[in-house]
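In what follows, a single structure is set out as structure tokens and then discussed.
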Amino acid sequence: MELPLARYQCISLDQIHTSSSFPSSNHKVLRTKPFFSGYCFRFGGRKLNNPFDKIKCVSPEQGLQPRRPKPKPSRTSDPELKGTEETRVKKPSVGICSQIEKLVLCNRYREALELFEILEIEGGFDVGLSTYDALVSACIRLGSVRAVKMVCGHMINNGFEPDQYMSNRVLLMHVKCGMMIDARKLFDEMPERNFVSWNTIIAGLVHIGDYLEAFRLFMIMWEEFSGCGIRTFALMITASAGLELISVGRQLHSCAVKMGVNDDVFVTCALINMYGKCGSIEDARWVFDDMPQKTTVGWNCIIAGYALHGYSEEALSMFYEMRDSGVKMDHFTFSMIFSICSRLASIEHAKQAHAGLVRSGFGLDIVANTALVDFYSKWGRIEDAQRVFDRMPCKNTISWNALIAGYGNHGRGAEAVDLFEQMLKERMRPDHVTFLAVLSACSYSRLFECGWEIFQSMSRDHKIKPRSMHYTCMIELLGQEGLLDEALALIRGAPFKPTVNMWAALLTASRVNENLELGKFAAEKLYGMKEHKKLCNYAVLLNIYKRSGKLKEAATLLQTMERKGLIMLPVCSWIEVNKKTHVFYTVDKRRIQTNEIYQKVDSLILEISKHGYVPKEKTFLPDVDEQEQHVLLYHSEKLAIAFGLLNTMNGSPLQIMQNHRICNNCHNAIKLIALVTRREIVVRDASRFHYFKDGSCSCGDYW
DNA sequence: TTAGGGTTAG
């Protein structure tokens, strides 16, 4: 049998733009359902096989039983019929089917499926459309592949022939339970497809990130129907967001305007999401402002757009606007807010949002709680993070990762490793982020042997190939042990081209071990690398040029950065006090309390000097000059800490954020400030998390 | 008539 899709070859991005099938203003969007209801696809003029035939959902020993004629449902309750053969067989199944449907209506999906399973084992009972519909709902809600196979197996054995509605429901069940291969088979072999069938399979493809295939089907659908439904439009806008193809998204947007469907709430939300994901937040805001009635999802989309591109303050401000507008906030809103608060280090806003989450009835949501675990652990409250984690009714890999990273960031590497082992015992599957979290924890806590064993187990036991970040962690671990030759060998033995971060880690290890020769070698490798497309990579190289006195190269690099539109933000640190964020720049004399802040820094430096602090950076590369030494005393983080000490209560931890990497000198200074003031200080810099307490830091004296 | 679509976490 030739599948209808076979005549369409693989699609490319250019084809999406230029294909004659792609929407233009000459097409119309088909709004009315009746036009399509009953529309029948009969490819090649012949009706295709039963869609269930290709699904292998029956155990081998059970085999396919011969189809029995579909029984007429017995709806009588006449007591006189109780004694007949027919009612003796059917009556129990009707009652039980009704019970299954009632359980599903009460959201007791697991019990409904358990009851169905018991009867399925016993065999010999009939199920009608409404019961199958309820079972499909239960499978969708539980996402259980096993349940899907059980229900489909029963349909086949029972000789059930689904109508258009039920075919679509079964298709949706496979899509929602992640059985996309089976779903695709079902779709390709469906005797009849309507808009819902097409939308269901396209939505599944978009969901798993197969955007090109989604576009391919969309074009076939467009050609077959000479148009598409409004909902398909929303899906394809989401697909263009996934591909980050703003030009395709704009094409669909202009098409939507010409067809007069741009005011549809789903299209609008998809557009806000698309512009936000493609980095055009102004366009996203424009669409959002134009929304006649702003829905929860609309607000969520615009907040996500701001948050995605680092406009955390604007995102938070939109959150409060949303609250004031009276629109109901949902678990999506709260999940984003916790993530935003963790970036802003905003405990007060997060506390309010946590209370709002509990009040809203989404207190058990897995995503919102995972974001909360991450927030508390980043804010230095690992016990609170553990408490939230313990109360979660179900956890996934991301939840475990958040807590493992939290322990690691607090310098509690042994507990992070214990948690990782517990995760494995509970049969939760680790992913590459889990290994990154646990290897970072080993690196912070100098657990070399443990880290090495876990690194080895990645590919050996878990079939996960180590990525450059995992290699970077191992280079740091080897460097801390003074095993520089082994670190170099690891880089050379990597199955991919060493990255900037790997060479930078070796350079740091060389600095720590004062191995000038290897340090120069690593630095030369960095100089020679061409693929510096990210701002942070340019910044690493720029610092190396500056520190090694290669000022000409540094100037050339700055020119290149300007040409590429990469702007270096001014170096700053910030702290939240009394719900307000205070930003500090190095040698910043424009603020209120300026004199007090500088006096506080001076007194702190005097105090910590008694504990061995030297206001000079230790490096084997050329030292900074005298003027820079003076500046070093008033680096932005020191000013932020002084402000925090002046304006917060004794005992509360100080949370400092900075947009750059903390320098060695400030790192040593803050360790001693934490010691003499008996305050916990949490600093999140551009690359790491530093938890200062009692004269030590969680990062394991990285510098 | 039903059913399908848009937003979130490490």
Side-chain angles (χ1 to χ4, degrees), chain A residues 33-34 36-37 129-130 133 136-137 140 162-173 175-176 193-204 206-207 214 228-239 241 264-274 276-277 284 287-288 291 295-305 307-308 315 322 329-340 342 357 362 365-375 377-378 385 388-389 392 395-406 408-409 430-438 440:
Chain A
K33 275 185 184 173
F36 289 98
S37 58
L129 188 141
S130 59
D133 199 27
V136 165
S137 296
I140 290 172
D163 59 3
Q164 179 73 83
Y165 166 78
M166 227 19 231
S167 297
N168 287 341
R169 291 279 288 155
V170 172
L171 180 65
L172 177 71
M173 174 170 74
V175 166
K176 291 277 184 188
R193 299 173 187 143
N194 63 8
F195 260 19
V196 176
S197 333
W198 283 90
N199 283 347
T200 305
I201 194 71
I202 291 175
V206 171
H207 183 72
C228 76
I230 301 172
R231 295 173 183 192
T232 328
F233 239 100
L235 272 172
M236 299 327 296
I237 292 166
T238 306
D264 174 79
V265 69
F266 286 95
V267 171
T268 311
C269 292
L271 283 170
I272 298 167
N273 175 47
M274 184 270 294
K277 285 222 168 92
V287 176
F288 175 76
M291 226 176 151
T295 60
T296 300
V297 180
W299 280 101
N300 288 348
C301 289
I302 192 69
I303 291 171
L308 185 66
M322 179 185 183
M329 289 180 268
D330 65 4
H331 50 305
F332 286 86
T333 324
F334 290 112
S335 309
M336 287 187 292
I337 288 309
F338 296 134
S339 169
I340 291 161
S342 74
L357 174 76
F362 293 109
D365 180 69
I366 189 168
V367 180
N369 276 293
T370 301
L372 204 50
V373 168
D374 180 52
F375 170 78
S377 67
K378 280 182 177 151
V388 172
F389 182 83
M392 286 171 74
K395 304 157 181 106
N396 60 17
T397 302
I398 303 178
S399 325
W400 283 90
N401 292 353
L403 194 64
I404 291 172
N409 286 333
D431 63 6
H432 71 278
V433 184
T434 319
F435 283 102
L436 188 58
V438 74
S440 297

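Heavy atoms only: backbone and side chains are in, while hydrogens, waters and symmetry mates are out. Each chain gets a letter, A, B and so on, in the order the sequences are listed, and its residues count up from 1.
- Taking atom CD1 on A:Ile366 and atom C1' on B:dT7, their separation rounds to 18 Å, with Å as the unit.
- If you take CD1 of A:Ile140 and C1' of B:dT2, they are 13 Å apart, rounded to a whole angstrom.
- Looking at A:Val265 and A:Met291, their side chains come closer than 4.5 Å, going by heavy atoms from C-beta outward.
- Nucleic acid contact for A:Val265: base, since at least one base atom lies under 4.0 Å from a heavy atom of the residue.
- Here A:Thr333 lies out of heavy-atom contact (under 4.0 Å) with every strand.
- Contacts of A:Asn168 with the nucleic acid, taken as non-hydrogen atoms under 4.0 Å apart, include base atoms.
- The residue A:Asp133 sits apart from the nucleic acid: no heavy atom pair falls under 4.0 Å.
- Comparing atom distances between the A:Ser335 side chain and each of B:dT8, B:dG4, B:dG6 picks out B:dT8 as nearest.
- A:Asp330 is linked by a side chain to side chain contact (heavy atoms under 4.5 Å, CB included) to A:Thr296, A:Asn300, A:Phe332, A:Thr333, A:Phe362, counting only residues two or more places apart in sequence or in another chain.
- Residue contacts shown for A:Ala203 are limited to sugar-phosphate atoms, with no base heavy atom under 4.0 Å away.
- Counting only heavy atoms from C-beta on, A:Phe332 has its side chain closest to B:dT8 among B:dA3, B:dT8, B:dG6.
- Nucleic acid contact for A:Asn369: none, since no nucleic acid atom lies under 4.0 Å from a heavy atom of the residue.
- For A:Tyr165 and B:dT2, the ring-to-base geometry satisfies the stacking test (centroid distance below 5.5 Å, interplanar angle below 30°).
- Looking at heavy-atom distances under 4.0 Å, A:Lys395 makes no contact with the nucleic acid at all.
- Side-chain proximity of A:Ala371 to the nucleotides B:dA3, B:dG4, B:dA9 is greatest for B:dA9.
- Checking B:dT8, B:dG4, B:dG6 against every side-chain atom of A:Asn199, the shortest atom distance belongs to B:dG4.
- In this structure, A:Phe233 and A:Asp264 have side chains that are not in contact, with every pair of non-hydrogen atoms separated by 4.5 Å or more.
- One interatomic measurement links the two molecules: CE of A:Met236 to P of B:dG4, which rounds to 19 Å at whole-angstrom precision.
- Between the side chain of A:Thr238 and the main chain of A:Ala234, a donor-acceptor pair closer than 3.5 Å is present.
- Put simply, CD1 on A:Ile337 is 17 Å from P on B:dT7, counting in whole angstrom units.
- Taking the side chain of A:Ile398 as heavy atoms from C-beta on, and the options B:dG4, B:dT8, B:dA9, the nearest nucleotide is B:dA9.
- Here B:dA9 presents its P atom at 12 Å from NE2 of A:His331, a figure rounded to the nearest Å.
- When the nucleotides B:dT8, B:dG6, B:dA3 are ranked by their closest atom to the side chain of A:Arg169, B:dA3 comes out on top.
- Residues A:Ser167 and A:Arg193 bring no donor and acceptor atom of their side chains to less than 3.5 Å of each other.
- If you check every strand for non-hydrogen atoms under 4.0 Å, A:Asp264 touches a base.
- Counting distance only, with no hydrogens placed and no angle test, the side-chain atoms of A:Asn194 and the base atoms of B:dA3 include a donor-acceptor pair under 3.5 Å.
- Comparing B:dT7, B:dG6, B:dA9 by their nearest atom to the side chain of A:Ser339 picks out B:dA9.
- The separation between A:Phe362 atom CZ and B:dT7 atom C1' is 12 Å, rounded to whole Å.
- In this structure, the nucleotide among B:dG6, B:dT7, B:dA3 sitting nearest to the side chain of A:Leu172 is B:dA3.
- Across the protein-nucleic acid pair, A:Phe195 atom CZ and B:dT1 atom C1' stand 18 Å apart, rounded to whole Å.
- Between A:Phe195 and A:Gly229, the shortest heavy-atom distance links the atoms CE2-N, 3.2 Å.
- Look at CG on A:Leu129: it is 13 Å from C1' on B:dT1, rounded to the nearest Å.
- Under 4.0 angstrom from either OP1 or OP2 of B:dT7 there lies at least one side-chain N or O belonging to A:Asn273.
- The shortest non-hydrogen separation linking A:Ile202 to A:Thr232 is CD1-CG2, 4.3 Å.
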